[in-house]
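Worksheet: the structure to be examined is printed underneath.
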Amino acid sequence: MLSQVMSRYQYLEEQFRIAQHKQFGQSTEGHPGQGELFNEVEALAAESDTQEEAISYTRKKPTLKPLPKVLPREVIVHDISDEEKVCSCCAGELHRIG
C-alpha cells in the first residue's frame, strides 16, 4: 500500500515538473541550422561602407503661445465643508491643492 502511494506521488511530482518546464522553462523556436538563414544580408551590410551624414540644420522646438489677454477669465473655487477637511487616516487638517 505504501509503495503504491509513493509511486503515485513520484509520478505526479514528475508530471508537475514537466508541466512547469513546459510553461516556464527554456524553449527554442527553431531548427538546427536556422540561424544561418539570413547571414548573407548581414555579410552585405558589413561589406558596405557606412557613411555618416552631417545635419546642416537645427530643428525648432514647438512652443505654445499664451492665450490673448482680451479673453475673459473666471476663477472658480470649489470648497468643501469643514467636516470634510479632516484626513480620515491621521485626523490631520487637509491642505488646499492649487
Side-chain angles (χ1 to χ4, degrees):
M1 176 77 175
L2 182 60
S3 63
Q4 289 176 341
V5 171
M6 288 302 292
S7 65
R8 178 73 176 158
Y9 173 76
Q10 289 173 349
Y11 171 76
L12 291 175
E13 194 174 63
E14 183 64 25
Q15 293 298 317
F16 177 74
R17 260 193 240 113
I18 291 171
Q20 290 287 89
H21 181 69
K22 282 183 181 178
Q23 186 172 7
F24 303 111
Q26 184 180 14
S27 64
T28 58
E29 296 180 3
H31 301 287
Q34 186 176 4
E36 293 84 34
L37 268 177
F38 300 105
N39 281 350
E40 64 269 1
V41 175
E42 293 174 358
L44 289 174
E47 290 175 7
S48 68
D49 296 329
T50 57
Q51 297 176 355
E52 294 183 15
E53 294 181 18
I55 298 175
S56 61
Y57 62 91
T58 57
R59 292 188 177 185
K60 295 180 184 176
K61 291 186 179 182
T63 57
L64 292 176
K65 296 178 183 175
L67 293 173
K69 298 285 184 184
V70 295
L71 288 177
R73 302 192 190 309
E74 289 183 32
V75 176
I76 300 175
V77 178
H78 296 281
D79 198 12
I80 57 176
S81 67
D82 289 336
E83 294 85 29
E84 293 177 310
K85 292 182 183 178
V86 178
C87 180
S88 60
C89 61
C90 68
E93 186 177 337
L94 297 179
H95 61 277
R96 181 178 170 191
I97 298 176

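Source: prediction; values computed, not measured.
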Practice prompt. Quick one: which residue pairs count as a salt bridge (Lys or Arg N to Asp or Glu O under 4.0 Å) with a foot in residues 70-81, not counting sequence neighbours?
Written response: D79-K85
Side-chain donor-acceptor pairs under 3.5 Å in residues 1-17, sequence neighbours left out?
| residue | atom | partner | partner atom | Å |
| --- | --- | --- | --- | --- |
| S7 | OG | S3 | O | 3.3 |
| S7 | OG | Q4 | O | 2.9 |
| Y9 | OH | E13 | OE2 | 3.1 |
| E13 | OE1 | R17 | NH2 | 3.1 |
| E14 | OE1 | R17 | NH1 | 2.9 |

Show every donor-acceptor pair shorter than 3.5 Å between a side-chain atom in residues 60-69 and any protein atom, with sequence neighbours excluded, or say none if there are none.
none

